[in-house]
2 protein chains.
Amino acid sequence: MPEAALRRSVAINVAHGNAAAHCADCEARHIGMCDALTDDEISFLARTAQRTTVAAGKVFIEEQEPAAYFYNISAGNVRVFKSLPDGRRHITGFMGVGQFLGLDVAGSYAFSAEAMGEVQLCRFHRKALHEVFGEFPALERRLLNIATHELTVAHDQMLLLGRKTAQERVASFLMTWAERNEHCPAGGVPKPGQKLPLPMTRIDLADYLGLTIETVSRSLSAMKRDGLIALDHAHEVLLLKPQRLADIAAGEA
Amino acid sequence: MPEAALRRSVAINVAHGNAAAHCADCEARHIGMCDALTDDEISFLARTAQRTTVAAGKVFIEEQEPAAYFYNISAGNVRVFKSLPDGRRHITGFMGVGQFLGLDVAGSYAFSAEAMGEVQLCRFHRKALHEVFGEFPALERRLLNIATHELTVAHDQMLLLGRKTAQERVASFLMTWAERNEHCPAGGVPKPGQKLPLPMTRIDLADYLGLTIETVSRSLSAMKRDGLIALDHAHEVLLLKPQRLADIAAGEA
DNA sequence: GGCGCTCCTTGATCTGAATCAAGCGGCCGG
DNA sequence: CCGGCCGCTTGATTCAGATCAAGGAGCGCC
């Protein structure tokens, strides 16, 4: 059993307990928000935190609900989305281990969040977290950096949704997803043949890219036909010509 | 001459001077970032600030350039945009008095910014501003609030770009623009007959809404035909049936 | 091991918005 | 006051992607 998986089981076993004694074991201890803090600071903060487990498919944050909590993801993936009254949906992001939920909030949540598989969360009362800011300015600074980075990502996605073709959107997604999964040498392009897991469904991809499932599927098939990717299983691509994909993603003429 | 216009002239006259003595007279003194600070704090901060004037049409922030400055808008409007290599453009936002430029930045600017008319800016060295954070935590907290709010706005816009029809996009824009221009009773709908100035061109609107100028024009004409708006001059609409517009904007079936 | 989901792919057709094209009108400079 | 230009509107046509439709493949469950 690999070490990471071992640590994950431990986290699952202590679910619902107080997190104070367990931050040291958390998958997210050295990522995201938590990485900004010293061990002393985090054990202080942990007194206000709770571990919870969320079953696959469960919507654990509902748009419009009063925003009582911040969440930090300890294990699993989450889809964050907004909906229109007639059921149209847009996924604003896929969030993974160490990522933070509950920033873009004013009183009520501005988004819904759903567990893609089973998910472990570390939950903080918003009020408690705000009280902690005074003690640990590093945390507030860290959150500003996170918010700032998310804003950049959001603006990139607006360019994608407003002005890119279907192929460009799918290529862009593959590149940012590869980067997110640390398959890229810092800021560069993944190596040819890089294997990339796609834990989300085609519906998720469509709702994230502003397309339909058929168009996503066709775009991927076209890339396969053109030798840019290989696609043996629906949830795994091989990036055969990553540089070409990066060029398409960037909208090179 | 109305008082606001008078104060604006004063600001123009002191352009390029040190801002220290002039924050008190600034249009933006009680909005956005500056509103978070006491008079003492702001005069401290102002030592590192410079007033500059930018001519209409001038691109004063270029995507990819090293991000040396933060800006606060003292007068005028700015279009913030991103471009693809073949010239496709997406406007991420229209920024006005008191608004803040330079948040979503990591080393280099992630966007370009262009003056829509003549613009007055208050400019801070990023480094200087960061040094000031230690002294005035209120400023950092304020910036986190601003970033958080911008993130909400960006996510709303992603829903618009990914899933709304042309009519819904235009209606959404009219509603948010009315709110921005304080024509709405807090969070509500503007009153019927409300006059709304549109300082931007149809190209701007198209690039902001992910449409073409023809489609923007047709959508507005359709709303006029249906009695939802009146449109005597191209740059001013009357909101005849604001509630109906709000429903369309929200995607009511 | 087979039944029946659910998810994915592929094909045929349709359509909302883009593109191509032609005026119109307000406004600035002469 | 006139001419030309730029930005806007409107009409005709095209097209990228949506919708409609029909299997196929993987997989959990019995």
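Proteins come first, then strands; the chains are lettered A, B, ... in the order of their sequence lines, and each starts at number 1. The figures here come from the full heavy-atom set of this structure, side chains too, leaving out hydrogens, waters and symmetry mates.
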### Query
If the sugar-phosphate is the primed atoms plus P, OP1 and OP2 and the base is the rest, what is the B/S/- string for nucleotides 6-12 of chain C, using protein heavy atoms under 4.0 Å?
--SBBBB
### Message
Check this for me: does any side-chain nitrogen of one of B:K82 and B:E63 sit under 4.0 Å from a carboxylate oxygen of the other?
### Response
yes
### Message
Do A:H235 and A:L196 make a side-chain contact, defined as non-hydrogen atoms from C-beta onward lying under 4.5 Å apart?
### Response
no
### Message
Taking side chain to side chain donor-acceptor pair (under 3.5 Å) as the criterion, tell me which of B:T52, B:T53, B:N72 meets it with B:Q120.
### Response
B:T53
### Task
Rounded off to whole Å, could you give me the CD-to-P distance for the B:E236 and D:dC8 pair?
15 Å
### Query
Which residue lies toward the 5' end of DNA chain D, A:L211 or A:D232, if each is placed at its nearest nucleotide?
A:L211
## Note on the structure
In whole angstroms, the gap separating C1' of D:dA18 from CG of A:D207 amounts to 14 Å
### Message
Between A:R163 and B:D207 (salt bridge meaning N to carboxylate O under 4.0 Å), is one present in this structure?
### Response
yes
### Minimum heavy-atom distance between B:R169 and B:L209, given as atom pair plus value
NH1-O, 2.8 Å
### Query
Is it true that B:R89 and B:D204 have a side-chain N and a carboxylate O under 4.0 angstrom from each other?
yes
### Query
Is the shortest side-chain N to carboxylate O distance from A:R244 to A:E252 below 4.0 Å?
no
### Task
Send over the distance from B:E168 CD to C:dG16 C1', rounded to a whole Å.
12 Å
### Query
Considering only heavy atoms, which members of residues 86-96 of chain B lie under 4.0 Å from some atom of DNA chain D?
none
## Note on the structure
Paired with A:I229, the side chain to side chain contact (heavy atoms under 4.5 Å, CB included) test is passed by just one of A:L245, A:V170, A:L238, namely A:L245
### Message
If the cut-off is 4.0 Å, is B:T212 near the phosphate of C:dA17, judged by side-chain N/O to OP1 or OP2?
### Response
no
### Task
Figure out the NE2/C1' separation between A:H233 and D:dC27, and round it to whole Å.
14 Å
